[in-house]
Asker: 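Quick one: structure below, then a few questions.
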Amino acid sequence: MKEKQKENIEVRKGTNGFLHEFSLTAVILALAVSLSMLFEHFAPIKAFGQLEITYSEGMVLTVDKSALLNALVPAFVTPLFTLLLLSFFHPSGLKPNIGAKGKNILPLSILSLFGILAYVVLTIVLSGFGLAPLFTSLITSALVNVYIFLLYKLYFEERTYSNFLFWEIFRFAIVGLVAAVFDFLMCYLIQFVAFSGGTAWYVTLVSTACGFLVGVLINYLMSTYMVYKNAKTNTSKTVKGMVLFFVLSLIGLLLGMGIQYLLYDYLFLKVHVLFLSYPVDFVIRTLIVMVFNYVTRKLFVYR
């Protein structure tokens, strides 16, 4: 990428340039959302039966199989449509940079898969709570396509090298998202499959610890080679940095265990605060620990 383009990544070309980028991006995202809604409205897939998903002790989410199948096509098509439009019109004025030998395509493609997964999961959750299909499609598609747009800017406009706070936090959030997905899957499998939803005191500790081990490995690799590419020191790649990363993550784990025990084992199971179901508790725990991890890693590992 030329030096002038690099400068323009962080410095906008004035109000007119910003308005042009904003308006063209808004049109592209609106087209992608409309396409998603058209798929569900004009080409519905019919399926018989319902899918039941246990998400907390004694709580089951019932999902219409038709809603799940109808989410799959737009989940794959609309993100691709958004990326193609952005690459063709490039609202910011910067041509997409796929990197040497297309090195930026692979991470963008992998992270886009998480957007597709989010599309399906959000559809399941929203339709399971009785929202109308078109309204569900509108919310889900809008959120996922904004995510795809930010991924486009992150990789095809190389914001992975930007030290701007927004892009650093966004990169950190993506890492947290990926790690959280694997963390949640591991926790869920142990809590509700291996222990069959057992409520013994040690179940939460074991499931949270196993999720942590998977999540911390993914988090370290992605934080070191994606979030903090422009860190001024190489502390993270030394034995000291690895140990420090693990210790800080372990403190985050203990913090997460305490929060999970308080919210799920005590408030939900014993006090019966029904709002604090397992997924809600997981989100609250993850957000708090994510803030802790970002601040401590920024201060001590990736200075």
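Because the structure is predicted, anything quoted here is derived from the model rather than measured.
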Asker: If we ignore hydrogens and angles and just use 3.5 Å, is the side chain of R159 paired with the main-chain N or O of L151 as donor and acceptor?
Answerer: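 A pair under 3.5 Å: no.
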
Asker: Under a 3.5 Å distance rule, please check whether D183 uses its side chain to pair with a backbone N or O of V214 as donor and acceptor.
Answerer: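 Between the backbone of V214 and the side chain of D183 there is no qualifying donor-acceptor contact (under 3.5 Å).
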
Asker: Say you draw a straight line from CD1 of I148 to NZ of K153; how long is it, rounded to the nearest 0.5 Å?
Answerer: 14.5 Å

Asker: Which is it for L83 and L108 under the side chain to side chain contact (heavy atoms under 4.5 Å, CB included) test, yes or no, and what are the steps along the way?
Answerer: CA-CA 10 Å; L83 288 173; L108 184 142; 3.6 Å; yes

Asker: Enter the distance from N104:CG to Y155:OH here, rounded to the nearest 0.5 Å.
Answerer: 8.0 Å

Asker: Rounded to the nearest 0.5 Å, what separation is found between the CG atom of L143 and the CG atom of L138?
Answerer: 9.0 Å

Asker: Going from CZ on R297 to CG on L244, what distance comes out if it is rounded to the nearest 0.5 angstrom?
Answerer: 10.5 Å

Asker: Name the one of F275, Y261, Y264 that satisfies side chain to side chain contact (heavy atoms under 4.5 Å, CB included) with D281?
Answerer: Y264

Asker: Following the transitive rule for hydrophobic clusters with a side-chain heavy-atom cut-off under 4.5 Å over Ile, Leu, Val, Met, Phe, Trp and Tyr, establish whether L84 and I28 coincide in one cluster.
Answerer: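 Result: no, two separate clusters.
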
Asker: Roughly how far apart are K103 NZ and N97 CG, rounded to 0.5 Å?
Answerer: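 One gets 8.5 Å once the value is rounded to the nearest 0.5 Å.
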
Asker: Test side chain to side chain contact (heavy atoms under 4.5 Å, CB included) on I218 and V175; report intermediate values, then the result.
Answerer: CA-CA 8 Å; I218 294 172; V175 170; 5.9 Å; no

Asker: For G215 and A179, work out which heavy atoms get closest and say how close.
Answerer: O-CB, 3.7 Å

Asker: Just do the side chain to side chain contact (heavy atoms under 4.5 Å, CB included) check on I139 and L122 with the steps written out, would you?
Answerer: CA-CA 9 Å; I139 296 175; L122 283 171; over 6 Å; no

Asker: Go through it in stages, so that I can follow the logic: the residues are L213 and L217, the test is side chain to side chain contact (heavy atoms under 4.5 Å, CB included), and I'd like the CA-CA distance, side-chain angles, deciding distance and then a yes or no.
Answerer: CA-CA 7 Å; L213 292 176; L217 176 61; over 6 Å; no

Asker: Quick one: sort the W167 and F170 rings into parallel, tilted or perpendicular, breaks at 30° and 60°.
Answerer: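 It falls in the perpendicular class, over 60°.
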
Asker: Search all heavy atoms of F292 against all heavy atoms of G252 and return the closest pair with its distance.
Answerer: CE2-N, 3.6 Å

Asker: Which atom pair, heavy atoms only, marks the closest approach of T78 to P74?
Answerer: OG1-O, 2.6 Å

Asker: Flag the pair F166 / L150 as yes when at least one side-chain heavy-atom distance between them is below 4.5 Å, and no otherwise.
Answerer: yes

Asker: Are any of the side-chain heavy atoms of Y147 and L111 separated by less than 4.5 Å?
Answerer: yes

Asker: Is there a continuous path of hydrophobic side-chain contacts, each under 4.5 Å between heavy atoms, that joins L287 to I174?
Answerer: no

Asker: Can you establish whether the number of heavy atoms outside F182 located under 6.0 Å from its atom CZ is more than 12?
Answerer: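 No.
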
Asker: Using side-chain heavy atoms (C-beta onward) and a distance below 4.5 Å, is R171 in contact with L154?
Answerer: yes

Asker: Count I, L, V, M, F, W, Y as connected when their side-chain heavy atoms are under 4.5 Å apart, and connections chain through other members. Are L80 and V146 then in the same cluster?
Answerer: no

Asker: I'd like to know whether CZ of F88 has more than 12 heavy-atom contacts from other residues, nucleotides or ligands below 6.0 angstrom.
Answerer: no

Asker: Using a 3.5 Å distance criterion without hydrogens, assess whether the side chain of T296 forms a donor-acceptor pair with backbone atoms of N293.
Answerer: yes

Asker: Search all heavy atoms of P96 against all heavy atoms of H90 and return the closest pair with its distance.
Answerer: CD-CD2, 4.1 Å

Asker: Find the distance between CG (L263) and CG (L269) and round it off to the nearest 0.5 Å.
Answerer: 11.0 Å

Asker: Do V280 and S277 have side chains that approach each other closer than 4.5 Å (heavy atoms only, starting at C-beta)?
Answerer: yes

Asker: Do M257 and S207 have side chains that get closer than 4.5 Å, going by heavy atoms?
Answerer: no

Asker: So if you build clusters from Ile, Leu, Val, Met, Phe, Trp, Tyr with side-chain heavy-atom gaps below 4.5 Å, do Y119 and V283 land together?
Answerer: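 In one cluster with Y119: V283, no.
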
Asker: Tell me whether Y266 shares a hydrophobic cluster with I284, the cluster being built from Ile, Leu, Val, Met, Phe, Trp, Tyr side chains joined at under 4.5 Å.
Answerer: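 They do share one cluster, since a chain of ILVMFWY contacts under 4.5 Å joins Y266 to I284.
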
Asker: Please state whether the rings of F156 and Y152 are parallel, tilted or perpendicular, taking 30° and 60° as the class boundaries.
Answerer: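 Perpendicular, since the angle between the ring planes exceeds 60°.
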
Asker: At their closest point, which heavy atom of A173 faces which heavy atom of M290, and how far apart are they?
Answerer: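 Heavy-atom minimum between the residues: CA-SD, 4.4 Å.
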
Asker: For E157, is there an ion pair with K95 - N to carboxylate O distance below 4.0 angstrom?
Answerer: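 Result for this pair is no, no salt bridge flagged.
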
Asker: Check P91 against T25 and note the closest heavy-atom contact, atom names and distance.
Answerer: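 The pair with the smallest heavy-atom distance is CB-OG1, 3.5 Å.
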
Asker: Considering only Ile, Leu, Val, Met, Phe, Trp and Tyr, and joining two whenever side-chain heavy atoms are under 4.5 Å apart, list the other residues clustered with L113.
Answerer: F76, I116

